[in-house]
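This report refers to the structure that appears directly beneath it.
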2 protein chains.
Amino acid sequence: MDTQSAYLERLRPLGAKRSGKRDLIVDVFLKQDGHLSADELFDLIREQDQKISRATVYRALHWMVGAGVARKVDFGDGRSRFEHSYQHPRHFHLICKLCNRSFEFLSSDIEVLVEEVASARGFETRQSVLQIYGTCDDCQAGRSVQRTVAATELLFARDALRMAIATERSGLEFYSRGAELVDDPQARTVFQRLAAEEREHLTTLEKRFEQLLLEDSDLESYPTFLFFKGAADGLFASGTDRLAKVADDREALMLGIRCERGSYRFFKRYGERFEDSEGKRIFLEFAAEEREHLRLLIGEYRKLVGRSKAADGSSSPEAEVAG
Amino acid sequence: MDTQSAYLERLRPLGAKRSGKRDLIVDVFLKQDGHLSADELFDLIREQDQKISRATVYRALHWMVGAGVARKVDFGDGRSRFEHSYQHPRHFHLICKLCNRSFEFLSSDIEVLVEEVASARGFETRQSVLQIYGTCDDCQAGRSVQRTVAATELLFARDALRMAIATERSGLEFYSRGAELVDDPQARTVFQRLAAEEREHLTTLEKRFEQLLLEDSDLESYPTFLFFKGAADGLFASGTDRLAKVADDREALMLGIRCERGSYRFFKRYGERFEDSEGKRIFLEFAAEEREHLRLLIGEYRKLVGRSKAADGSSSPEAEVAG
DNA sequence: CTAGGTGCAAATAATTTGCAGAGGC
DNA sequence: GCCTCTGCAAATTATTTGCACCTAG
């Protein structure tokens, strides 16, 4: 966590003056996981410095919220709670009313819908908070096991990797199949090359996943953190299905372009939304790879259309590629 | 609002004793629209009865929340706010941080996703709260017009009717087109009959909509309250497109069945989710109509398959109809 | 030097509670 | 008669503020 100080440095201009006290408070706060009430944070601070007053803690929290370091969340139990934004994408909460534990998750699907609703009203969103109150499975089963939960950062990275791997797999299948089906030798070469790349990336991603597991061997067993309904894996999968039905090589390439473009936009868009974190990096790196593939495919598509001028013009080829 | 007392009566057993004071508080509370803080409610109560104390209001609110008459919502401004559950489906909020107004909406799409996430965790949901903080369009534009907003009840009814009407319209188009395309005379009769029914229902619904407008002539101008992304109107519309491509009458009927079933499930499912209200009734009544259509279509389908035993078996007809 | 940060104590603000009496069942 | 509701006032809890002082830029 050495980027942390750099991160804070970036924020300074917003907040004016630096001070030892505030630094301490911010520091202690960022080291914590989960949701702290002002009072809990105060107690923690007091362990380090007996002389810091409650008011200072409140003021520091207020500053952090303003500077975007922290978010204020309300669990309905009277006092406010705070959580970091640092390496911690905004997320939603499942709150168990029995054991008072809270579980986090992230759903890009929901975020998209929220955006749609807001824009339908001309509303400019700054923050959205979703809390689902109810009973957790442990409490329902009578278990009172205080299951330790991995850091959100790890879960996020895990889910981002899972998604990337799933996409890579179905991409691999798509291109392998495509290489078999395509007639044009150059198009086939491109499909084969892309298949090879997917295979290579897949290996890389799987290694990265294994490395992640080293940090917490139970990582795979924790529940999903990042929900993506029609995540990219569906894109290529349905693409592969449709591949069997394409009329010619041009259509096959176009299908590839559509899949890659969907996948690229998807990973880029979400990668951009998150705060600095391993998960964000995974998303963005993956998006960059998809962009390369996309470029390759589009180039090949243009060449193919050039070669066979007798394009049937059924679906305005150039326009589609341009998008 | 005469069902109101009956409604409260139903709740009594949960809450023990009836009392004039509490009745007054509940009464005043239910008459209000929007989100009241305890204090605002207290002021309103005081207009009726100078001697009621703040504590009593708090206690009554606490009771109401427990009894399910009210919900507690937190807008992050320090004090809690309360809103009815009565004739007021749970909903989400857009909260403008500048003018402090809040706008409600309902999104079944989001609710579905929330349910999915919760069940993926084995979490039993009791309530979900979604708050979107930001800046409303009025504040963005510098307008400070305190636009009056219609009662949620009305907006909900309006949107339910809009949805029903849209579905009815595309259903009408579907069956009209179907009647032209179908070969089998009996199948044609069914399509014609359904088209006629849709036309009739459409008229009824449109009248109902006009009546609703009498209650608030600006009703149409208020922003959408109920968001339904792939609302039923999309179902029949895409059905009509596909109608041109069906191979035979059996497929045409099957397409109708699929559309009706989708529509039926849709309206039923959501109708069931809401608290007693005009909107709920609209949903459920509409669902009942769709069920009738569905029954008719399935009957016709079975007859047709019986007539032409030479079914190609391409899509396990009976099984599909059964679902 | 000066704006902002800090501690302390006092002030608010929202909500809860103890207690004695009133009222429904 | 018992149990719950009610008013009042006092208590509690979370958070903010005034003020005098301190410190980084």
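Side chains are part of it too, since the values below use all heavy atoms of this structure and drop only hydrogens, waters and symmetry mates. In what follows, chains carry the letters A, B, and so on, assigned in the order in which the sequence lines appear, proteins first and then strands, with residues in each chain numbered from 1. Treat the numbers as computed from the prediction; the structure is a model and nothing was measured.
In this structure, the side chain of B/Ser119 does not engage the main chain of B/Gly122 through any donor-acceptor pair within 3.5 Å. The main-chain N or O of A/Ala55 is found under 3.5 Å from a side-chain atom of A/Ser53 such that the two form a donor-acceptor pair. Remark: side-chain polar atoms of B/Lys280 are paired, donor with acceptor, to backbone N or O of B/Gly271 under 3.5 angstrom. A donor-acceptor pair under 3.5 Å links the side-chain atoms of A/Gln140 to the main chain of A/Thr135, judged by distance alone.
To the nearest angstrom, P of C/dA14 lies 10 Å from CD of B/Glu40. Taking atom CZ of B/Arg46 as the reference point, atom P of D/dT6 lies 14 Å away to the nearest angstrom. Spacing between atom CG of A/Leu24 and atom P of C/dG5 amounts to 16 Å, rounded to whole angstrom units. Here the P atom of nucleotide D/dT6 and the CD atom of B/Gln50 are 17 Å apart, to the nearest Å. One can place CZ of B/Arg59 at 15 Å from C1' of C/dA14, the figure rounded to the nearest angstrom. Atom CG in A/Asp74 sits roughly 11 Å away from atom P in C/dT15 (whole-Å rounding). If you take CG of B/Asp23 and C1' of D/dT6, they are 14 Å apart, rounded to a whole angstrom. Look at CD1 on A/Ile52: it is 17 Å from P on D/dC22, rounded to the nearest Å.
Between B/Arg22 and D/dT6, a side-chain N or O to OP1/OP2 separation shorter than 4.0 Å is present. Regarding contacts with the backbone of C/dA22, every side-chain N or O of B/Lys21 stays at 4.0 angstrom or more from both OP1 and OP2. Taking 4.0 angstrom as the limit, B/Lys51 places none of its side-chain polar atoms (N or O) nearer than this to OP1 or OP2 of D/dC8.
Annotation: salt bridge (Lys or Arg N to Asp or Glu O under 4.0 Å) contacts involving residues 44-57 of chain A, sequence neighbours excluded, comprise A/Lys21-A/Asp49, A/Asp39-A/Arg54.
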N/O to N/O distances under 3.5 Å, protein versus nucleotides 14-16 of chain D:
{"residue": "D/dT15", "atom": "OP1", "partner": "A/Ser80", "partner atom": "N", "Å": "3.0"}
{"residue": "D/dT15", "atom": "OP1", "partner": "A/Ser80", "partner atom": "OG", "Å": "3.1"}
{"residue": "D/dT15", "atom": "OP2", "partner": "A/Tyr58", "partner atom": "OH", "Å": "2.6"}
{"residue": "D/dT15", "atom": "O5'", "partner": "A/Tyr58", "partner atom": "OH", "Å": "3.4"}

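A ring-centre distance under 6.0 Å is not found for B/Phe105 and B/Phe225.
Rotation axes derived from the C1' atoms of the five outermost pairs at either end of the helix from C/dC1-D/dG25 to C/dC25-D/dG1 lie 30° apart, to the nearest 10°.
Looking only at atom types and distance, the side chain of B/Glu104 has no donor-acceptor partner in the side chain of B/His93 under 3.5 Å away.
Listed here is the closest heavy atom pair of A/His84 and A/Leu30: CE1-O, 3.0 Å.
A salt bridge links A/Arg81 to A/Glu40: at least one charged side-chain nitrogen sits closer than 4.0 Å to a carboxylate oxygen.
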